[in-house]
Amino acid sequence: NQHNFIRMKEPNTYLEALTYPNSGDWIEAVLKEVKQMIDMNVFELVSEVPKGKKAISTRFVFKLKLLPDGSIDKYKARLVARGFSQIPGQDFDQTYSPASNLLTVRLVLSLACIFHCKLYQVDIKGAFLQSPLKEDLYIQLPEGFSAFGGYRYAKLKKSLYGLKQAAHDWYQRQDHFMLKIFGKKYTTMQRSSMDTTLYISNDVKTGELFIAVVHIDDYCVATNSETMFKDWLSMYSSFCTDKGDVEVLSKPAYQQMLVDYTQTPEVTEIKLHQGRQIDEALLRFGMSDCKPASTPMEYGLHLPLDTECDSSLPYRAIIGVLLWIARCTRPDIYFVVIHLAQFSTCATSEHFTAAKRVLRYLKGSRQLDLRYSTTRSSTTSSGDSIKLDLFTDSDWATDKSDRKSISGYVLYINGMLVSWSSRKQDGVSTSSTESEFISLVEGAKDVLFIVQLLQEFFVVELPINVGIDNQG
């Protein structure tokens with residue numbers, strides 16, 4: 001695929017970008033980034049750094065933004081500080097910022113189907129650049145700033161991408177908006193205590209439902225009230241006073257955490273897929289023209305632990321790619337990928353061949369996706385009943401190397417798959433009943449998370465259906 005080849009050719013530095021045939025597009029992206037920072041009053045040019053202060057070096061990071069079909073959307077240049085040179089206690093204090101997890105994102109998408117909500121993806125342009133900086137920081141300007149009268153340094157007024165405290169400052173700012181500004185008009189708006197990236201307003205009187213999950217500077221919003229969404233969008237645009245831009249993506253498909261998702265116009269079905277990520281993985285490991293496989297692993301495959309490793313193989317890289325795909329949208333490969341992951345510290349060509357077979361299977365099943373739909377939901381249109389179904393199983397003492405069992409479970413909310421797992425148990429079980437109980441406990445952890453989260457905003461029907469195939 002041509003777009004994948006182009007992605008591999010993203011420049012690493014500004015000077016390298018000048019040598020590219022499409023250098024004009026990269027230079028335009030740099031000028032656009034610089035203009036945005038000037039408009040947002042991010043820094044103040046200075047001729048020298050005060051005594052006792054050390055300027056933080058910076059660089060431009062170049063990325064191609066692609067559409068779901070693989071075509072180029074835009075060229076992006078981002079000025080990033082080298083935050084690793086910051087001094088704790090002097091240049092920064094708090095750094096923690098929560099990030100949404102996959103279970104929460106899938107839960108939001110399933111709730112969108114249950115309550116017939118329309119999905120929106122909202123991108124906050126220059127989000128980190130909007131947070132006022134408390135610390136007194138200076139940066140060294142990189143190549144591309146030569147047009148500023150020979151200035152080499154700048155004093156930061158706002159946060160900058162790459163700073164240790166950038167994500168923390170932005171999260172605190174957007175949290176203030178959601179709870180204090182938007183929440184002032186819609187008093188039912190709450191932040192989940194189970195996942196602090198999730199905000200829900202469920203007005204029982206009006207029937208208006210607004211769900212938002214934030215991942216860094218992107219929002220995935222599900223709501224059944226267009227008026228409420230327009231109010232949120234208008235208030236957010238006013239909140240971004242420093243010429244920041246709030247963009248609602250109007251593409252036929254959206255992306256959250258490297259997962260593409262689409263919603264039908266009738267708001268009845270949502271599809272999650274990673275076809276583009278699979279294509280990029282195949283190209284990365286030189287398997288674009290490989291022969292597809294019908295199964296992710298050979299029947300009865302047994303891979304022994306080996307002491308003679310082949311460090312030249314990109315085994316950890318391929319396992320990392322497969323793990324993300326398996327965790328996001330492909331439970332059908334989760335078992336084999338977790339099995340292969342245990343050989344990451346010492347892999348041989350035999351292990352690498354088994355990992356490549358998973359990629360061959362993904363090539364042949366690229367069109368598969370994870371679907372959520374109202375037809376799979378047993379909940380009424382008013383959403384007065386949310387049902388959870390947990391199915392667990394274990395494979396007792398089948399690992400010949402250490403005789404540990406394998407736990408596995410799948411969790412459905414109103415017939416829609418939101419969580420799955422397959423992993424080796426920590427200890428050796430002395431009976432099949434014990435191993436089944438351990439699997440049940442693992443699945444119950446996700447159930448408790450979802451139940452406690454939903455009970456903050458909805459009434460969850462209990463008991464929860466649990467399926468386990470052991471009479472003990």
Side-chain angles (χ1 to χ4, degrees), residues 101-104 106-107 194 295-309 315-316 318-320 322-328 330-348 350-355 357-358 361 387-413 415 417-454 460 462-472:
N101 61 62
L102 291 168
L103 176 55
T104 301
R106 287 194 291 262
L107 179 62
M194 300 299 297
T295 58
M297 66 180 294
E298 296 180 5
Y299 178 76
L301 177 67
H302 174 68
L303 296 173
L305 292 171
D306 208 316
T307 56
E308 297 182 2
C309 313
Y315 189 77
R316 293 186 183 181
I318 195 172
I319 291 299
L322 293 175
L323 272 173
W324 185 250
I325 295 175
R327 289 189 62 218
C328 290
R330 298 298 296 267
D332 53 332
I333 66 170
Y334 202 94
F335 170 79
V336 61
V337 174
I338 292 297
H339 178 64
L340 293 173
Q342 64 182 317
F343 305 105
S344 296
T345 56
C346 187
T348 64
E350 185 180 4
H351 301 110
F352 190 60
T353 300
R357 181 185 175 90
V358 182
Y361 169 74
K387 296 182 179 179
L388 297 176
D389 295 286
L390 173 67
F391 300 94
T392 69
D393 197 7
S394 70
D395 201 0
W396 180 49
T398 52
D399 194 316
K400 296 180 180 180
S401 60
D402 54 17
R403 288 303 176 185
K404 291 182 179 180
S405 306
I406 306 295
S407 294
Y409 68 86
V410 290
L411 177 60
Y412 294 86
I413 176 169
L417 182 61
V418 294
S419 181
W420 57 86
S421 177
S422 174
R423 62 183 297 267
K424 182 184 289 188
Q425 296 178 2
D426 296 331
V428 178
S429 300
T430 56
S431 68
S432 61
T433 301
E434 181 183 353
S435 66
E436 292 283 357
F437 268 117
I438 294 175
S439 299
L440 179 60
V441 170
E442 291 294 326
K445 293 177 183 178
D446 276 358
V447 171
L448 290 175
F449 171 81
I450 292 179
V451 168
Q452 293 178 31
L453 188 151
L454 292 177
V460 180
L462 296 175
I464 300 161
N465 297 322
V466 177
I468 184 170
D469 64 343
N470 188 281
Q471 294 181 356

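As the structure is a prediction and not an experimental result, all values here were calculated from the model. FYI, the numbering just counts along the sequence from 1. Reckoned from all heavy atoms, side chains included, excluding hydrogens, waters and symmetry mates.
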Seminar exercise, completed: For Trp396 and Ser429, the nearest pair of non-hydrogen atoms, with its separation, is NE1-O, 3.1 Å

Seminar exercise, completed: On a heavy-atom basis, the closest approach of Lys404 and Val428 is CG-CG2, 4.0 Å

For this session: Provide the closest heavy-atom pair for His302 versus Glu350 in the form atom of the first, atom of the second, distance.
Result: O-OE2, 4.3 Å

Problem set entry | Student check: side-chain heavy atoms of Ile438 and Ser394 closer than 4.5 Å | no

Exercise. How far apart are the closest heavy atoms of Tyr315 and Leu340, and which atoms are they?
Worked result: OH-O, 2.7 Å

For this session: Could you tell me which residues satisfy side-chain contact (heavy atoms from CB on, under 4.5 Å) with Tyr412, sequence neighbours excluded, listed by chain and number?
Result: Asp389, Phe391, Val410, Leu417

Seminar exercise, completed: Applied to residues 426-439, the salt bridge (charged side-chain N to carboxylate O under 4.0 Å, His left out) test, sequence neighbours excluded, yields Arg423-Asp426

Exercise. With a 4.5 Å limit on heavy-atom distance, are the side chains of Trp324 and Val337 in contact?
Worked result: no

For this session: For residues Ile338 and Leu323, determine if any side-chain heavy atom of one lies less than 4.5 Å from a side-chain heavy atom of the other.
Result: yes

Seminar exercise, completed: On a heavy-atom basis, the closest approach of Val336 and Met297 is CG2-CB, 3.7 Å

Problem set entry | CA sep, side-chain torsions, deciding dist, call: Ile468, Leu390, side-chain contact (heavy atoms from CB on, under 4.5 Å) | CA-CA 9 Å; Ile468 184 170; Leu390 173 67; over 6 Å; no

Problem set entry | Results of side chain to side chain donor-acceptor pair (under 3.5 Å) for Ser422 - residues two or more places apart only | none

Seminar exercise, completed: Between Leu322 and Ala355 the two heavy atoms that sit nearest each other are CD1-O, 3.8 Å

Seminar exercise, completed: Hits for salt bridge (charged side-chain N to carboxylate O under 4.0 Å, His left out) against Arg330, two or more places apart or cross-chain, chain-then-number order -> Asp332

For this session: Could you pull out all residues at least two apart from Phe343 that satisfy ring-ring contact (aromatic ring centres under 6.0 Å, His included)?
Result: His339, His351

Exercise. Do the side chains of Leu305 and Cys346 get nearer than 4.5 Å, heavy atoms only?
Worked result: no

Exercise. Residues in side chain to side chain donor-acceptor pair (under 3.5 Å) with Ser407, at least two apart?
Worked result: Gln425, Ser439

Problem set entry | Residues which pass side chain to side chain donor-acceptor pair (under 3.5 Å) with Arg357, listed by chain and number, not counting sequence neighbours | Thr295

Seminar exercise, completed: Hits for side chain to side chain donor-acceptor pair (under 3.5 Å) against Asp469, two or more places apart or cross-chain, chain-then-number order -> none

All N/O donor-acceptor pairs, side-chain side in residues 441-448, below 3.5 Å, sequence neighbours left out:
residue: Asp446; atom: OD2; partner: Tyr409; partner atom: OH; Å: 2.8
residue: Asp446; atom: OD2; partner: Ser419; partner atom: OG; Å: 2.5

Problem set entry | Straight-line distance of Phe449 CZ to Leu411 CG, nearest 0.5 Å | 11.0 Å

